[in-house]
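Structure record follows, encoded as structure tokens.
By convention in this document, chain letters (A, B, ...) are assigned in the order of the sequence lines, proteins followed by strands, and residues within each chain are numbered from 1. Small disclaimer: the values here were computed from a predicted structure and weren't measured. What you see below is based on every heavy atom in this structure, not just the backbone, and it leaves out hydrogens, waters and symmetry mates.
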Protein chains: 2
Amino acid sequence: MADPSKPAHPEDSGVTAKRGKPTLRTIAEITGLAVTTVSRALSEAPQISIETRKRVREVADEIGYSPDRAAQRLKTGRTNVIGVLLDPHEEILGYGTSIMSGIAKALQGTAYHLIVMPNFLNSTNVEAVNYITRNGMADGLIFSRTEPLDPRVRLLSDLGFPFVTHGRTELSTPHAYVDYDNFTFSYQATKRLIAKGRRKPALISGPAGFTFAGHLQHGFMTAVREAGCAYEILSGIDLDSPAGAIRDRVRQRYAEPDPPDSFMCGGEVCALATITGMSDCGLTLGREYDIIAKQTSHLLSAIQPQVETIYEDLTATGEDMGRVLLQKIGGESDVSKLQLLLCPQIPSSFGTPG
Amino acid sequence: MADPSKPAHPEDSGVTAKRGKPTLRTIAEITGLAVTTVSRALSEAPQISIETRKRVREVADEIGYSPDRAAQRLKTGRTNVIGVLLDPHEEILGYGTSIMSGIAKALQGTAYHLIVMPNFLNSTNVEAVNYITRNGMADGLIFSRTEPLDPRVRLLSDLGFPFVTHGRTELSTPHAYVDYDNFTFSYQATKRLIAKGRRKPALISGPAGFTFAGHLQHGFMTAVREAGCAYEILSGIDLDSPAGAIRDRVRQRYAEPDPPDSFMCGGEVCALATITGMSDCGLTLGREYDIIAKQTSHLLSAIQPQVETIYEDLTATGEDMGRVLLQKIGGESDVSKLQLLLCPQIPSSFGTPG
DNA sequence: CTGGCCATTTAAAACGTTATAAATTCAGCA
DNA sequence: TGCTGAATTTATAACGTTTTAAATGGCCAG
């Protein structure tokens with residue numbers, strides 16, 4: 001039983017140096033304090049004397065201590081992680097980049113880390129959310145592409161799990177969101193096309209099922225009805241369609257009778273593809289037809305005919321979402337403070353007619 | 001009529017139901033086994049009898065048990081997380097999407113999770129890597145944009161921390177990588193321009209400092225030297241430049257004497273911006289000049305003049321990186337198995353891409 | 001029976017942290 | 001002196017898992 005070859009205390013004396021990562025115990029041994037005291041000191045607990053706190057901090061810095069997050073997590077149940085659910089569709093043209101750099105900005109200086117949880121294969125998004133909450137992989141969640149009756153929102157609301165969505169829902173239980181006013185955007189954008197004398201605008205809207213697609217459509221319809229003009233909602237494609245498909249569809253539509261004379265595009269690649277499709281038919285932007293698009297990046301500055309755009313600031317959106325989520329986690333329950341509707345930025349040069 | 005059979009009162013019988021998440025202890029109490037046995041059974045340890053394993057699994061499924069990852073992590077020191085370091089520049093045009101969906105595919109069915117760790121503000125990338133390793137936030141790391149003497153590679157090699165890079169280095173210690181043969185790509189692409197009769201190709205290369213930029217340049221130079229023709233490496237811009245900047249630079253260059261007659265572009269947005277810049281000068285692709293570009297998405301299918309491209313399959317790259325990293329984590333030390341150089345796909349005929 | 005060996009199960013100790021409650025010191029004061 | 005209370009510090013017990021070493025019981029050879 002007694003194995004003398006077993007190194008009971010390897011080459012060390014008194015203060016255990018322990019080759020591994022320093023822990024609270026290491027600091028405790030060095031300072032002669034108890035582990036509890038060290039823990040408290042490092043979290044700046046007021047009950048620990050100022051000088052003790054200072055000394056502990058110094059030693060911690062010196063030996064390069066950093067707390068074991070797994071242990072903290074196990075004990076406290078908190079992860080200090082904010083998760084962003086990433087849908088493959090979202091990354092097109094830096095959507096993700098902008099949003100995330102905004103979130104990162106909001107989280108800077110807090111205890112929270114930003115972590116992106118991509119969902120490429122794990123079946124539905126609800127399952128991903130379920131998995132994340134069940135496994136305690138984050139303290140709060142951010143996601144977009146909300147549906148009117150979004151099951152993720154339902155689930156998280158039921159669980160009381162903090163989250164913010166990019167986009168609204170039509171659920172009765174209110175929840176935190178940051179959204180762009182796509183109705184107003186679409187309404188004003190369409191009005192601009194009409195103001196240019198176009199009599200049959202076409203809408204290329206978001207994928208059916210998402211709240212924002214409905215808003216786009218609503219704004220569009222309101223504008224065309226007010227003007228009493230013809231309109232069209234281009235079928236078969238949406239903002240998620242590959243550029244080539246949009247191009248083909250536009251070209252094909254022009255081969256049919258009574259084509260639209262202008263386009264309201266919810267995105268930049270969409271605008272680009274539309275221009276190309278129309279070019280294929282020998283039509284020139286600004287002459288035979290007009291386009292107005294939502295702009296979220298600098299892509300369109302790379303193309304030839306200047307496309308008229310309305311800007312959506314996704315970085316600001318991300319920053320707002322981060323802030324709102326922190327408030328929510330912090331216990332803020334006043335829903336009005338957790339719901340933000342960002343207004344489209346209408347350049348004054350295109351201001352109201354007259 | 002009224003059926004009072006409610007589905008099991010939460011706090012009823014002798015077996016402690018404990019409102020919270022089920023743990024090993026819950027299963028142990030239900031089955032009458034020891035916690036240790038349950039743990040073993042769930043990990044399919046051969047020492048536990050088949051029938052016990054089966055019963056434990058059944059109970060676990062029934063009550064919806066899932067292990068607490070924080071506890072596992074604390075005990076084992078393993079996180080079951082593969083981290084991808086994301087640089088803001090990388091997300092342009094779905095680079096990230098493609099790579100990550102590939103990695104996700106490779107990780108599917110394993111115990112590993114894919115988590116993206118964006119680095120927008122935390123100063124340098126080395127610090128991010130340092131932070132991740134020190135805090136045990138992942139078991140393995142994937143990142144790209146390697147430099148010849150990449151400090152991250154150095155650090156991780158020193159630590160013995162498993163990682164794979166997208167791109168090579170010139171460090172003496174070999175490490176796992178998956179790379180695209182940018183030399184060959186650039187060489188053959190440039191040769192094609194020359195084969196079309198162009199006598200002064202210009203290169204728009206990657207940002208200085210990255211290994212792949214050197215490879216692109218090397219391939220380009222080899223081709224122009226072989227042909228003995230003039231050449232130019234466009235200064236002031238690179239593949240990371242905003243589209244507008246590239247467009248402006250190209251236009252400006254044409255206002256000066258002795259402009260290039262063709263472009264070798266490392267990316268799609270770059271190609272797009274170049275075309276626009278040339279259009280600004282009244283020049284037409286395929287007539288006054290030619291372009292060849294590296295293609296990684298479907299963007300270019302949305303634009304008018306068909307641009308000749310060579311394809312890099314980033315999803316395959318991601319999948320390879322995932323596989324290689326798993327091997328590395330699994331203890332594979334034969335470096336030759338951990339280094340992959342993917343060859344450019346040269347289409348036999350230069351038709352329209354699928 | 002006894003002892004030994006197998007197959008199976010188990011108790012106890014960790015991992016590094018925080019929460020709870022208790023202990024210690026010391027000053028002030030009756 | 002002895003009590004109270006404030007200011008510090010501390011021991012102990014968790015959190016949920018895995019690891020280590022040991023226990024249990026059945027079976028068979030001696």
Side-chain angles (χ1 to χ4, degrees), chain A residues 1-3 6-8 16 18-56 59-60 63-81 111 134-137 139, chain B residues 16 18-56 59-60 63-81 111 134-137 139:
Chain A
M1 239 12 132
D3 188 351
K6 207 173 189 178
T16 314
K18 274 280 182 88
R19 11 187 82 266
K21 245 188 71 174
T23 72
L24 288 181
R25 208 170 78 84
T26 321
I27 303 182
E29 281 170 355
I30 294 176
T31 58
L33 294 164
V35 172
T36 310
T37 312
V38 175
S39 169
R40 289 240 149 93
L42 286 174
S43 55
E44 295 296 333
Q47 5 177 345
I48 304 294
S49 76
I50 302 281
E51 45 195 13
T52 302
R53 284 189 240 170
K54 178 150 165 283
R55 193 155 62 95
V56 168
V59 173
I63 67 176
Y65 167 81
S66 67
D68 184 309
R69 315 202 75 223
Q72 287 182 315
R73 188 178 293 203
L74 173 60
K75 189 62 178 102
T76 64
R78 265 171 282 116
T79 64
N80 284 353
V81 160
R134 283 176 51 85
N135 286 60
M137 299 186 63
D139 295 342
Chain B
T16 320
K18 271 281 182 101
R19 294 213 134 278
K21 247 189 69 176
T23 73
L24 287 182
R25 209 170 77 84
T26 319
I27 304 182
E29 280 170 355
I30 293 177
T31 58
L33 293 165
V35 171
T36 309
T37 313
V38 175
S39 170
R40 290 239 149 93
L42 285 175
S43 55
E44 295 296 335
Q47 3 175 352
I48 304 295
S49 76
I50 301 282
E51 46 196 9
T52 301
R53 284 190 239 169
K54 180 150 163 282
R55 194 154 64 93
V56 168
V59 173
I63 67 176
Y65 167 79
S66 66
D68 184 308
R69 316 206 68 219
Q72 287 183 315
R73 189 178 293 201
L74 173 59
K75 189 62 180 96
T76 65
R78 264 170 283 117
T79 65
N80 283 353
V81 161
R134 282 177 51 85
N135 286 61
M137 299 187 63
D139 294 342

Once you apply a heavy-atom cut-off of 4.0 Å, does [X] come out as touching a base, just sugar-phosphate, or nothing?
X	answer
Thr76(B)	sugar-phosphate
Thr52(A)	sugar-phosphate
Thr36(A)	base
Arg73(B)	nothing
Thr37(B)	base
Gln72(B)	sugar-phosphate

Legend entry - Side chain of Pro67(B) (C-beta onward), nearest among dG16(D), dT17(D), dA19(C): dT17(D)
How close or far is atom [atom2] of [N] from atom [atom1] of [X], stated in whole angstroms?
X	N	atom1	atom2	result
Leu24(B)	dT9(C)	CG	C1'	15 Å
Leu42(B)	dT18(D)	CG	P	8 Å
Arg69(A)	dT18(C)	CZ	C1'	15 Å
Gln47(B)	dC6(C)	CD	C1'	13 Å
Glu51(A)	dT8(D)	CD	P	8 Å

Legend entry - Point-to-point distance, once rounded to the nearest 0.5 Å, from CD1 of Ile27(A) to CD1 of Ile63(A): 4.5 Å
Inset, instruction - Give, for atom CZ of Arg40(A) and atom CG of Leu42(A), the distance between the pair rounded to the nearest 0.5 Å. - result: 12.0 Å
Inset, instruction - Specify the residue among Ala71(B) and Pro46(B) whose closest nucleotide of DNA chain C lies further upstream toward the 5′ end. - result: Pro46(B)
Legend entry - Ser49(B) side-chain N/O to dT9(C) phosphate OP1/OP2 under 4.0 Å: yes
Legend entry - Under-4.0 Å salt bridge between Glu51(B) and Arg55(B): no
Legend entry - Note, Val81(B) side chain near Arg73(B) side chain (heavy atom, < 4.5 Å): yes
Inset, instruction - Using atom types as modelled and distance alone, determine if a side-chain donor or acceptor of Thr76(A) lies under 3.5 Å from a backbone N or O of Gln72(A). - result: yes
Legend entry - First of Asp68(B) and Arg40(B) reached from the 5' end of DNA chain D, by closest nucleotide: Asp68(B)
